[in-house]
Protein chains: 2
Amino acid sequence: MTQTRTRPDRGRSALGPALELVHTGRAPTRAVLTAELGVTRATAGAVAAELQGLGLITVDSSPSTAGAQGRPSHRLAVDPTGPVVLAAQVHTDGFRAALVGLGGRVVATAPGCGPVEADPAQVLGEVVAAGRRLLEESGRRCVGAGLAVPSAVAEPEGTALNPLHLPWAPGAPVREVFRRCLADAGISAGADDGVAANDVNLGALAEHRHGAGRGARQLLCVATGHRGVGGALVVDGRLHSGSSGLALEVGHLTVDPEGRPCHCGSRGCLDVETDPLALLEAAGRRPGPEVSLLRQALSLLRTEYHADPAVRAAAHRLVDRLALGLAGLVNILDPDRIILGGLHRELLRYDGDRLREVLDARSLWGRGKTFAVLPCSLDHNSLVGAAELAWQPVLDDPLRVQEA
Amino acid sequence: MTQTRTRPDRGRSALGPALELVHTGRAPTRAVLTAELGVTRATAGAVAAELQGLGLITVDSSPSTAGAQGRPSHRLAVDPTGPVVLAAQVHTDGFRAALVGLGGRVVATAPGCGPVEADPAQVLGEVVAAGRRLLEESGRRCVGAGLAVPSAVAEPEGTALNPLHLPWAPGAPVREVFRRCLADAGISAGADDGVAANDVNLGALAEHRHGAGRGARQLLCVATGHRGVGGALVVDGRLHSGSSGLALEVGHLTVDPEGRPCHCGSRGCLDVETDPLALLEAAGRRPGPEVSLLRQALSLLRTEYHADPAVRAAAHRLVDRLALGLAGLVNILDPDRIILGGLHRELLRYDGDRLREVLDARSLWGRGKTFAVLPCSLDHNSLVGAAELAWQPVLDDPLRVQEA
DNA sequence: TTGCTTTGTGCCCCCGTGAAACAAAACAGG
DNA sequence: CCTGTTTTGTTTCACGGGGGCACAAAGCAA
């Protein structure tokens with residue numbers, strides 16, 4: 001009997017790593033690509049030519065004003081006219097759609113506001129429709145789609161487990177709904193085209209590839225948007241999602257045993273001690289309903305941190321608790337870099353020294369070790385991260401772009 | 001100019017995965033190996049023949065009494081006469097040396113007792129000497145060496161950071177000393193031959209490869225020996241060591257805000273709330289100096305758990321706190337299996353239902369999810385784990401065994 | 001101009017692996 | 001006992017990714 005393999009051929013095996021190097025900006029020239037891949041110049045040349053032929057990168061042989069000795073190397077870059085992926089994000093106040101090319105370049109973006117309804121199909125239908133308009137306007141080819149949601153997403157089911165500040169029911173099958181919307185809009189062909197994940201996780205992935213997390217081997221991200229706190233870990237360039245996608249749900253670390261009660265049944269959780277509402281209440285402000293809690297907290301810091309001692313004390317309180325939570329995570333995960341987002345990013349800006357001091361004192365082995373704690377650096381990093389996830393199949397095997 | 005690669009040739013690339021499959025018992029026959037590797041029978045045959053030629057595995061074509069239809073497949077097994085690695089373990093009461101073949105088979109072992117001195121060269125010299133005697137007696141070839149120590153080992157320095165119940169100074173360069181002892185004994189050739197790591201981490205690795213952790217995608221291990229608590233995470237078959245080898249130092253998770261003070265400055269840490277001393281004191285026993293605290297705690301459970309309500313209450317107390325700590329880890333790491341070692345293993349045996357109940361209630365998303373919490377299953381799992389680490393280069397590239 | 005250095009390219013070969021046809025070793029049923 | 005079926009091992013051929021090498025190209029330095 002004849003014998004067929006179960007796994008498909010992967011084509012030129014250096015193709016994926018090469019594209020990833022150009023994608024993340026680590027291979028600006030063909031010579032660097034040769035060194036990074038650890039192959040000969042001949043192979044690197046063939047690989048670069050093939051990626052160029054696929055329309056993914058450009059190989060520019062114009063003089064690069066190198067200034068160095070020897071023959072100047074050809075410059076490599078992401079093809080700005082190449083295919084894009086559709087990135088979508090759902091948040092408390094609405095949604096946002098974008099087209100994102102390789103290299104994390106946001107080609108076009110379209111915000112949408114308005115209340116999110118209980119049925120995920122409503123907002124996902126709207127955001128996919130917005131994405132379709134962007135695609136039609138741009139005339140670009142779409143090779144994937146990714147969705148960021150403010151909830152843990154269970155794998156392999158693709159369900160939103162705790163969409164606490166959306167009216168969705170826990171367990172909503174967001175990935176399936178997203179895929180159906182894509183298929184209805186005529187965007188995707190394959191049934192497994194369209195991925196969904198937690199927004200903080202995706203933001204961490206984006207920061208690692210294109211932002212402040214570049215080069216980190218173990219990147220820990222913690223961020224708070226409107227309510228609750230999210231965490232993410234990127235290990236060796238890949239999201240650490242745990243066995244079912246629920247890793248780094250850090251909101252219920254205890255950071256104050258006598259703190260405020262939390263809906264989880266415990267008290268003093270990171271969730272309720274360091275989110276925007278916590279800042280407003282610690283400063284003695286009554287939150288208004290007009291704008292989001294995050295905006296209220298940010299403007300409070302901006303306008304009154306230096307003027308009002310009560311606001312400063314409130315920030316100190318949050319920073320102390322945040323640092324305690326981070327210290328616990330550091331002792332468990334041992335990251336080499338920490339990135340803070342949302343309100344936590346601003347707390348770092350205003351009160352960074354205090355945060356680093358407490359963190360250093362409470363992390364067991366952080367004494368001799370210098371810790372990099374940085375603010376996140378990308379606009380819409382969740383959106384870019386959703387695009388990263390959508391690009392991943394192409395990064396793994398660039399030949400897929402020609403299959404459709 | 002001629003061009004040489006920076007990375008060496010890796011030879012037949014399916015060789016490493018194939019050896020790992022036989023090593024972990026997942027490829028009992030050549031037919032299974034073919035399926036697991038996802039290659040053709042021709043390739044699997046060539047690979048098996050090559051591994052046999054290297055003296056690493058045996059290919060037995062004798063009838064296997066299969067009972068199934070079709071031509072019986074050749075049985076694959078680790079070659080019991082093949083090379084070994086030297087595994088060493090240092091603990092509070094002394095040391096242990098062993099020769100370990102592929103498949104985690106302990107070929108020979110030699111315990112050594114006596115107080116450990118302040119200079120790591122003393123006990124490491126003794127354990128290496130014991131290993132050398134075992135090697136001479138057995139006449140086997142040694143292709144690597146691994147060391148397990150009761151302390152976090154920082155990478156890439158290879159220093160013991162917190163050897164709390166050894167008289168070593170924190171920061172002792174155990175890996176360097178180990179390598180020097182190996183070189184002095186004429187065992188190792190290469191300068192980077194000889195690895196060292198934390199004993200609980202190594203135990204977890206061993207359990208994943210050969211014990212109760214087989215097949216787990218995200219394996220969390222927690223264990224307590226004499227004093228303090230250690231943790232480890234194995235992700236996709238590899239130890240998650242963090243950026244500097246300090247991940248999973250879980251001893252200072254807070255599990256009782258009003259608990260006993262800990263030397264770290266906090267109170268109610270997992271370390272001081274769930275170790276053997278905590279059990280003895282919770283049961284109102286005064287620990288004696290004659291045998292190790294672990295033995296005293298184990299015998300207390302064995303002899304009086306069913307007889308003395310105070311002992312039962314003490315066990316309950318420890319189990320509650322252990323479950324709280326595990327729940328925190330579950331929310332951060334999202335493992336699919338948990339293995340407990342040392343005293344915690346016995347607590348699981350005596351009080352497993354209570355532990356699972358508390359763990360389920362406190363782990364946020366554990367409600368619908370059935371959690372596997374198992375006792376560790378290997379004797380000397382730290383020793384076997386040290387051997388695993390030493391075998392790793394050969395598992396990555398089996399051709400190395402012929403280079404020496 | 002003549003080196004020197006670094007990079008790109010063409011050519012040849014190695015070798016790992018798939019594809020296919022065939023052989024071998026069991027069982028099942030007459 | 002013989003034959004068909006099933007599963008596995010073996011042989012042969014061919015493809016293709018990538019190394020090795022020689023040479024050409026493109027800059028700087030003297």
Side-chain angles (χ1 to χ4, degrees), chain A residues 1-19 27-54 57-76 397-399, chain B residues 1-19 27-54 57-76 397-399:
Chain A
M1 174 192 163
T2 64
Q3 191 178 9
T4 55
R5 280 171 307 155
T6 56
R7 301 181 193 174
D9 234 329
R10 270 166 304 143
R12 198 180 289 267
S13 72
L15 222 50
L19 182 58
T29 68
R30 247 189 57 178
V32 176
L33 179 69
T34 304
E36 289 289 321
L37 284 178
V39 299
T40 56
R41 291 195 296 272
T43 303
V47 165
E50 188 160 1
L51 289 176
Q52 188 181 27
L54 290 169
I57 72 172
T58 58
V59 181
D60 185 359
S61 55
S62 72
S64 56
T65 71
Q69 222 174 3
R71 173 175 173 175
S73 187
H74 292 181
R75 304 198 72 78
L76 302 178
D397 179 11
L399 292 177
Chain B
M1 176 193 164
T2 64
Q3 191 179 10
T4 54
R5 278 172 309 155
T6 54
R7 301 181 193 171
D9 235 330
R10 272 166 304 145
R12 201 180 287 267
S13 73
L15 221 50
L19 181 57
T29 68
R30 244 190 58 178
V32 176
L33 178 68
T34 303
E36 289 288 321
L37 284 179
V39 298
T40 55
R41 292 195 296 271
T43 302
V47 165
E50 190 161 359
L51 288 176
Q52 187 181 27
L54 290 169
I57 71 170
T58 58
V59 181
D60 186 0
S61 56
S62 71
S64 56
T65 69
Q69 219 172 5
R71 175 175 172 173
S73 188
H74 292 181
R75 304 197 73 79
L76 302 179
D397 179 11
L399 293 177

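What's counted below: heavy atoms across the whole structure, side chains too, no hydrogens, waters or symmetry copies. Sequence lines set the chain letters: A, B, ... in the order given, protein chains first and strands last, and positions in each chain run from 1.
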| said: Is any side-chain heavy atom of A:Val32 closer than 4.5 Å to one of A:Ser73? | reply: no
| task | Assess whether side-chain contact (heavy atoms from CB on, under 4.5 Å) is satisfied between A:Val59 and A:Ile57, documenting all intermediate values. | result | CA-CA 7 Å; A:Val59 181; A:Ile57 72 172; 4.3 Å; yes
| request: Send over the distance from B:Asp60 CG to C:dA25 P, rounded to a whole Å. | output: 14 Å
| request: Let me know which of A:Arg30, A:His74, A:Arg75 forms a side-chain contact (heavy atoms from CB on, under 4.5 Å) with A:Asp60. | output: A:Arg75
| query | Which nucleotide, C:dA26, D:dT8, C:dT17, lies nearest any side-chain atom of B:Ala31? | reply | D:dT8
| Roughly how many Å is it from CG in B:Asp397 to C1' in C:dG16, rounded to a whole number? | 14 Å
| said: Would you compute the distance between atom CZ of B:Arg41 and atom CG of B:Leu33 and round it to the nearest 0.5 angstrom? | reply: 13.0 Å
| Of the nucleotides D:dG9, D:dA29, D:dG18, which has the atom closest to the A:Gln69 side chain? | D:dA29
| request: Determine: side-chain N/O of B:Thr29 to OP1/OP2 of D:dT8, distance under 4.0 Å, yes or no. | output: no
| request: Using the side-chain contact (heavy atoms from CB on, under 4.5 Å) rule, take A:Leu76 and A:Thr58 through it: C-alpha gap first, then chi angles, then the decisive distance, then the call. | output: CA-CA 6 Å; A:Leu76 302 178; A:Thr58 58; over 6 Å; no
| note | Checking C:dG18, D:dG19, C:dG16 against the side chain of A:Thr40 (C-beta onward), the nearest is D:dG19
| query | Starting at CG of A:Leu33 and ending at P of C:dT6, how long is that distance when rounded to a whole Å? | reply | 19 Å
| said: Quick check on C:dT6: is either OP1 or OP2 less than 4.0 Å from any side-chain nitrogen or oxygen of A:Ser73? | reply: no
| field | Residues which pass side-chain hydrogen bond (donor to acceptor under 3.5 Å, both in side chains) with A:Thr43, listed by chain and number, not counting sequence neighbours | value | A:Thr40
| Side-chain heavy-atom pair A:Leu37, A:Pro17 within 4.5 angstrom cut-off | yes
| request: Hey, could you give me the CG/CG distance between B:Leu15 and B:Leu54, rounded to the nearest 0.5 Å? | output: 6.5 Å
Please list each protein N or O that sits under 3.5 Å from an N or O in nucleotides 10-14 of chain D, with the distance.
residue	atom	partner	partner atom	Å
D:dT10	OP2	B:Arg30	NH1	2.5

| remark: Axis-to-axis angle for the helix from C:dT1-D:dA30 to C:dG30-D:dC1, ends of five pairs each, to 10°, equals 0°
| task | Establish, with yes or no, whether the OP1 or OP2 oxygen of D:dG17 is under 4.0 angstrom from a side-chain nitrogen or oxygen of A:Thr43. | result | no
